[in-house]
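Heads up, the thing below is written out as structure tokens.
The first residue of the sequence shown is numbered 1, and numbering continues consecutively from there.
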Amino acid sequence: MALKTCLLLSAGLVSLCSGHDSDYVKSLPQNARQMFTESMTWMDDYHDSSAGYLYNFGGASALRYETRSSAWYALGLLARNSGDDVSEAEKIITNIIAGQYKEPADQWFGDYQQEPEEPYVGSTNYPPKIYGSFDPNWRGFIGTTFVMAIEEFGHLLSNGTKDLVLESLRNATIGDSYRVGGVDDDNLYSSYSNPAIMRAFVSGWTGRQLGDKNMTDAGETYAGEIIDLFNMHQTLSEFNSGTYTGVSLFGLTLWSKYLPADSVMTENGPKMLRATWDAVAQLWHPGMKNMAGPWDRAYGYDMNKYVSLMALWFWTILGKDKSSLIAKPQAMSHVADYAWAPLFSILSSFHSSLLPENITCRLSSFRQERTFSAQAYYPPYDLVPRNISTWLSTNLTIGAESYEETVIGGPSTSQTSFNPAVVQWLVDGKDVGFISLYPTETALAAQVAPGTLNLTYPKGNSSSIFTFVVSTNKKQRTVSGWEDVTGLKVGVSGNANLTYGLEFAGQYGGKGSLIRDFEFWNFTYSMPDGFEGVPNLVLEFESV
Ligand SMILES: *[C@@H]1O[C@H](CO)[C@@H](O)[C@H](O)[C@H]1NC(C)=O
Ligand SMILES: *[C@@H]1O[C@H](CO)[C@@H](O)[C@H](O)[C@H]1NC(C)=O
Ligand SMILES: *[C@@H]1O[C@H](CO)[C@@H](O)[C@H](O)[C@H]1NC(C)=O
Ligand SMILES: *[C@@H]1O[C@H](CO)[C@@H](O)[C@H](O)[C@H]1NC(C)=O
Ligand SMILES: *[C@@H]1O[C@H](CO)[C@@H](O)[C@H](O)[C@H]1NC(C)=O
Ligand SMILES: *[C@@H]1O[C@H](CO)[C@@H](O)[C@H](O)[C@H]1NC(C)=O
Ligand SMILES: *[C@@H]1O[C@H](CO)[C@@H](O)[C@H](O)[C@H]1NC(C)=O
Ligand SMILES: *[C@@H]1O[C@H](CO)[C@@H](O)[C@H](O)[C@H]1NC(C)=O
Ligand SMILES: *[C@@H]1O[C@H](CO)[C@@H](O)[C@H](O)[C@H]1NC(C)=O
Ligand SMILES: *[C@@H]1O[C@H](CO)[C@@H](O)[C@H](O)[C@H]1NC(C)=O
């Protein structure tokens, strides 16, 4: 009897819950609605209502909370508007603003705490460290979310909360105006596409709301610089990234949706968004569910294994099963980005209205072998434009970019996210293998042809090395050389010493350390003793 009651009760609850979607959620297109509902259900489990924050995802932070995902969840609560969702959202928003930095003299003024537990940035034992104790990009991540809250759900918020949000956006915009690339360790040049696009938008929107012409004009000026850079090659400076192309498309959608006709953002947003999607459609390999390389900034080597923001866009356009997400994305690496899902769901139908013609068809199945080429320019780190060339075939892709930069590891000086030459292939028609050149040089001349990757270091010398991060595979777990890499035949020539070093980087052992959660084999070529000249390596591939 008890059991029966319980079953009845839970059945009743299920229908109660599903019956409680707001008209707003019901109005979302089917894919967006599914993504919205599934991501919110996942986040509900991390919500601590008594605190008015979400716990940090992943269960590895001793129950500390996290600010940014709480903001995204709060927007989702406003959209869901069921039970006490709206008051819970207001509680979170008020908390986040209470934790916003309020001292105009601080470099981090108007920025948001990363977690409510942290000491005051700049206090004796918590020195300011950009992208450490404060992350200046969070003004943009949270600011854009607040704008969406006002634009989409302002009618649900009390006047007091709305005023508070506007004041918060005013401070965030002023703080963002302190950011100048190359000053105070900051790197916000207009070429740093994703936060630059968000800053221009929030400044333009907030200035108009507050009737602050100077703020409005600043937004237009920032946008103008981004547009000028874009117009050089019809590409974003930060090009082809599973994560950051997703943020830039988000920002360009905001440019296109929420500003009046007199803004350069309204005028240019749609065409920049379409050109970006045209490149994505060329580089996306539906059979591998990966964007072929090279990747300016990647948080993994196979999009089927980590949550990327592009995967969330693909979900809204193609459906979940054709995106690179598994059924339960919360098990994937880089899971925190899954918390963007409510925002993309809310923007989905407008975003889809801007897409290039028959994009769905182009993204749905691999159509034909092709070579894609493009240029992109990221001053002041790029001394000349980068030249990108990618060959895609049914079972094998090879993509690389030539570059000449002031730093190693791309503009974010991260050797683990800059992937200037990438090979991917299908193993047994389903698993994806990868080889990525680990960047160790300030310059690379790369030539891509069907089946061939030719790598030269114009500024290299006898100490140069070619390190390849190579996927593990199920069939041949212990790898002793290229011949053990499953699904691919590799031939190597060039003036490097062709006797290569091999190391393993594993979770539980091996010499190297995991990169972005991925285990890998490290194939490294050095130059022969007494080498003089320009280091060169030519790799030939055949999928088998
Ligand atoms: C909220 O503000 C609007 C317009 O500013 C006003 O019409 C309304 O009366 C206010 N509501 C309350 C409860 O103060
Ligand atoms: C905005 O900044 C001012 C200082 O200019 C500060 O007094 C105020 O509390 C801040 N507002 C919010 C909402 O943080
Ligand atoms: C106008 O905006 C610029 C850029 O945001 C800022 O540097 C300047 O201080 C602002 N001036 C005033 C008077 O608000
Ligand atoms: C896309 O649309 C254009 C114009 O409507 C058409 O000519 C072209 O064949 C379509 N391409 C695909 C791949 O369906
Ligand atoms: C890319 O190509 C242009 C010519 O279109 C050339 O001027 C530039 O130097 C090349 N970039 C690199 C890094 O080789
Ligand atoms: C791709 O691989 C599949 C099986 O793994 C094979 O059947 C097919 O012939 C290959 N296609 C090409 C073009 O090599
Ligand atoms: C590889 O590229 C370099 C220039 O970048 C060129 O000199 C060399 O001939 C190329 N090698 C092959 C085998 O194509
Ligand atoms: C090779 O170049 C690197 C970087 O410029 C430099 O640090 C190194 O000393 C050079 N090695 C030799 C043997 O010249
Ligand atoms: C790869 O192995 C070489 C030695 O062969 C080592 O110097 C290098 O640090 C390793 N790189 C990575 C990314 O593990
Ligand atoms: C190439 O590397 C191997 C292994 O490290 C070494 O034994 C050999 O002497 C090297 N050859 C030259 C020409 O440097």
Side-chain angles (χ1 to χ4, degrees), residues 131 136-137 140-141 176 179-183 186-201 203 219-255 264-265 268-280 282-283 291 293-299 308-310 372-390 399-415 417-422 439 442-444 446:
Y131 301 113
N137 293 346
F141 291 132
D176 245 359
R179 301 190 67 185
V180 178
V183 175
D186 207 322
N187 62 342
L188 188 53
Y189 299 95
S190 44
S191 48
Y192 187 5
S193 309
N194 84 83
I197 290 170
M198 291 192 290
R199 170 168 75 170
F201 170 72
S203 184
E220 296 291 310
T221 304
Y222 298 140
E225 290 166 8
I226 299 165
I227 294 163
D228 287 347
L229 263 178
F230 187 88
N231 286 341
M232 287 179 68
H233 305 293
Q234 301 300 304
T235 50
L236 295 167
S237 305
E238 197 176 32
F239 184 76
N240 199 31
S241 159
T243 298
Y244 292 109
T245 302
V247 180
S248 292
L249 288 169
F250 163 77
L252 292 173
T253 306
L254 304 180
W255 279 27
V264 293
M265 294 182 256
N268 289 274
K271 62 185 175 205
M272 290 165 72
L273 184 136
R274 275 194 286 275
T276 302
W277 267 109
D278 270 320
V280 170
Q282 291 282 322
L283 290 165
M291 278 148 63
W295 306 312
D296 279 346
R297 286 176 83 194
Y299 286 157
S308 65
L309 296 179
M310 286 309 298
F372 166 84
S373 37
Q375 290 181 290
Y377 184 48
Y378 196 136
Y381 300 97
D382 273 331
L383 300 174
V384 291
R386 309 193 299 290
N387 296 317
I388 295 141
S389 179
T390 303
E401 60 188 322
S402 299
Y403 64 86
E404 196 184 330
E405 298 188 331
T406 57
V407 290
I408 291 176
S412 61
T413 58
S414 166
Q415 290 172 289
S417 62
F418 182 46
N419 293 265
V422 178
T442 57
L444 172 71

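The backbone N or O of R274 lies less than 3.5 Å from no partner atom in the side chain of T276, so there is not a single donor-acceptor pair. Not one N or O on the side chain of S389 forms a donor-acceptor pair closer than 3.5 Å with the backbone of S373.
Atoms CD1 and CG, on I226 and N231 in that order, are 12.0 Å from each other to the nearest 0.5 Å. Between atom OG of residue S193 and atom CG of residue L229 there is a gap of 7.5 Å, rounded to the nearest 0.5 Å. To the nearest 0.5 Å, atom CH2 of residue W255 and atom CG of residue L273 are 11.0 Å apart. Taking CG from D278 and CG from L283, the interatomic distance works out to 11.0 Å, rounded to the nearest 0.5 Å. The CD1 atom of I388 sits 8.0 Å away from atom CD of Q375, with the distance rounded to the nearest 0.5 Å. Rounded to the nearest 0.5 Å, atoms CE (M198) and CG (L188) are 9.5 Å apart.
Using a 4.5 Å cut-off on side-chain heavy atoms (C-beta onward), M291 and N240 make contact. Side-chain contact between L236 and I197 is present, with at least one heavy-atom pair separated by less than 4.5 Å.
A ring pair (Phe, Tyr, Trp, His ring centres under 6.0 Å) with Y403 is found for one member of F239, Y378, F418, Y381 and no other, namely F418.
Annotation: salt bridge (charged side-chain N to carboxylate O under 4.0 Å, His left out) contacts of E401 (sequence neighbours excluded): R386. Take E225 and apply the side-chain contact (heavy atoms from CB on, under 4.5 Å) test, not counting sequence neighbours, and it matches S190, T221. For A400, the side-chain contact (heavy atoms from CB on, under 4.5 Å) partners are A421, A446, V448, L453, not counting sequence neighbours.
When all heavy atoms of F372 and A279 are compared, the pair lying nearest together is CZ-CB, 4.0 Å. Of all non-hydrogen atoms in P380 and T406, the two that sit nearest each other are O-CG2, 3.7 Å. Residues V422 and W295 approach most closely at CG1-CH2, 3.6 Å, considering heavy atoms.
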Please evaluate residues T243 and R297 with respect to the criterion side chain to side chain contact (heavy atoms under 4.5 Å, CB included), reporting the C-alpha separation (whole Å), side-chain torsions for both, the decisive distance (0.1 Å), and the verdict.
CA-CA 8 Å; T243 298; R297 286 176 83 194; over 6 Å; no
Between I408 and Q415, is a side chain to side chain contact (heavy atoms under 4.5 Å, CB included) present by the stated rule, with each step listed?
CA-CA 7 Å; I408 291 176; Q415 290 172 289; 4.0 Å; yes
Please report the C-alpha distance between Y192 and Y244 in whole Å, then the side-chain angles of each, then the deciding distance to 0.1 Å, and finally whether the ring pair (Phe, Tyr, Trp, His ring centres under 6.0 Å) criterion is met.
CA-CA 10 Å; Y192 187 5; Y244 292 109; 7.4 Å; no
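Between H233 and Y377, the two ring planes are perpendicular [angle over 60°; tilted spans 30° to 60°].
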